[in-house]
Amino acid sequence: MKKRWYDYLWIATLAYLILGFVNILFAWLGLLCFLIPIVISIVKGNKAYCNKYCGRGQMFNLIGGRFGLSRKKDIPKWMKSKWFQYGFLIFFFAMFFQMLWVTYLVFSGARELKQIVTLIWTFKVPWEWAYYGDFLHSGVSQFAFGFYSVMLTATILGLITMILFKPRSWCVYCPMGTMTHTICKIKNRNK
Amino acid sequence: MKNKAYVNKHDCVACGSCVRVCPMSAIVVDGIAANINCEKCVGCGRCAKECPASVIQLKEG
């Protein structure tokens with residue numbers, strides 16, 4: 001199959017993950033992975049982001065498929081269920097808003113910046129090497145640490161299910177996928 | 001009767017894994033689900049093996 005420019009977006013995802021180790025402020029770029037799929041689903045009513053532009057999915061395809069780091073087993077039934085998909089979406093957003101709340105507290109001065117990346121919402125990893133002082137406000141850095149935690153957590157979960165099941169198992173319960181799916185359904189309901 | 005691949009469109013997550021592996025370029029993802037052109041499909045089953053949501057099945061067509 002002929003390669004197109006967007007078939008190389010996995011490089012952008014990989015670069016993003018590496019840049020988070022270099023300077024945490026690059027984490028802000030990750031907002032694109034939230035905004036672009038939502039805009040596409042609202043404007044076009046399709047999931048083109050998932051199957052064309054998602055660098056994360058391409059990375060899983062590459063590592064799990066080409067490099068063979070996947071057992072290639074079917075994912076369990078409960079992981080494919082709407083209950084799990086929407087449950088995970090709600091949980092993911094609850095954690096996301098909790099992160100926004102912490103960012104707000106740092107912005108308002110009620111709390112101090114913590115140079116920590118929290119993995120899988122549990123493990124606090126010191127991350128001060130990627131911090132070079134505050135840009136504008138400590139809240140800007142706090143959001144970067146929080147957002148990078150979200151992105152790295154999603155990658156780790158995706159890699160685990162990639163190894164255990166099929167390369168793109170993450171796509172089955174990806175919160176952005178579930179959300180854009182719902183947006184497309186609402187948008188296309190009259191068709 | 002030859003086997004052909006069919007998609008359960010209700011549960012498809014539109015990730016495009018099947019598009020990538022189809023040797024006949026018989027699959028496109030339009031909207032929110034994969035669409036298999038049964039004229040082009042040769043029933044090799046690669047898409048079904050690749051599908052993370054297991055929504056593709058080979059049936060007699």
Side-chain angles (χ1 to χ4, degrees), chain A residues 1-4 6-7 37 40-41 44-54 56-58 60-62 64-66 70 72-77 79-82 84-85 158 161-162 164-174 176-178 180-189 191, chain B:
Chain A
M1 213 161 85
K2 195 175 155 272
K3 290 265 187 191
R4 296 177 196 260
Y6 51 73
D7 288 323
I40 292 179
S41 65
K44 297 248 186 188
N46 66 33
K47 287 179 82 179
Y49 185 85
C50 292
N51 50 73
K52 288 200 174 83
Y53 311 119
C54 180
R56 183 186 304 276
Q58 289 173 12
F60 293 146
N61 259 337
L62 196 72
R66 189 89 62 84
S70 169
K72 307 230 164 97
K73 302 271 184 208
D74 283 344
I75 65 166
K77 247 196 179 137
M79 277 182 93
K80 294 190 283 189
S81 69
K82 297 279 171 218
F84 184 70
Q85 287 175 344
T161 46
M162 175 198 80
L164 289 178
F165 311 115
K166 287 180 183 176
R168 281 185 83 145
S169 297
W170 165 256
C171 301
V172 176
Y173 62 96
C174 169
M176 289 313 293
T178 308
T180 50
H181 185 89
T182 311
I183 294 172
C184 293
K185 277 246 162 127
I186 294 169
K187 190 172 158 71
N188 300 332
R189 71 187 182 280
K191 280 186 187 168
Chain B
M1 282 290 216
K2 217 168 150 190
N3 283 333
K4 302 262 183 193
Y6 289 91
V7 183
N8 169 356
K9 295 197 178 190
H10 183 68
D11 293 332
C12 176
V13 292
C15 70
S17 293
C18 50
V19 179
R20 236 165 273 264
V21 296
C22 179
M24 303 305 289
S25 306
I27 314 178
V28 285
V29 181
D30 50 0
I32 55 171
N35 211 334
I36 302 177
N37 180 339
C38 52
E39 296 287 314
K40 287 187 186 170
C41 178
V42 290
C44 70
R46 285 184 66 180
C47 52
K49 257 195 203 139
E50 196 69 23
C51 177
S54 313
V55 297
I56 304 180
Q57 279 187 326
L58 291 180
K59 290 180 193 163
E60 278 188 5

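Just so it is clear: chains get the letters A, B, ... in the order the sequence lines come, proteins before strands, and each one is counted from 1.
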- From Thr182(A) OG1 over to Ile32(B) CD1, what is the distance, rounded to the nearest 0.5 angstrom?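 Answer rounded to 0.5 Å: 9.0 Å.
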- Highest number of heavy-atom pairs under 4.5 Å with chain A: which of Cys51(B), Pro52(B), Gly16(B), Gly31(B)?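 Going by pairs under 4.5 Å, I would pick Pro52(B).
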- Ala53(B), Ala33(B), Cys12(B): which one forms the most heavy-atom pairs within less than 4.5 Å of chain A?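 Heavy-atom pair counts peak at Ala53(B).
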- Query: Heavy-atom distance under 4.5 Å between the side chains of Ser17(B) and Asn61(A), does that happen here?
  - Reply: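 Yes, at least one pair of side-chain atoms sits under 4.5 Å.
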- Side chains of Lys52(A) and Val29(B): does their closest heavy-atom pair fall under 4.5 Å?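 SC-SC contact between Lys52(A) and Val29(B) ruled out.
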- Structural part of Lys166(A) lying under 4.5 Å from a heavy atom of chain B: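 It is the side chain, since no backbone atom gets that close.
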- Query: Do you know which two heavy atoms are closest between Ser54(B) and Asp74(A), and how far apart they sit?
  - Reply: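 What the structure gives for the nearest pair is OG-OD1, 3.3 Å.
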- Shortest non-hydrogen contact between Cys50(A) and Ala14(B), atoms and distance: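 Residues Cys50(A) and Ala14(B), closest heavy atoms: CB-O, 3.4 Å.
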- Task: Tell me, out of Lys73(A), His181(A), Gln85(A), who's got the most heavy-atom pairs with chain B below 4.5 Å.
- Result: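 Top count of heavy-atom pairs under 4.5 Å with chain B: His181(A).
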- Do you know which of Arg168(A), Lys72(A), Lys82(A), Lys80(A) has the most heavy-atom pairs with chain B at a distance under 4.5 angstrom?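 With the most close heavy-atom pairs to chain B, the winner is Arg168(A).
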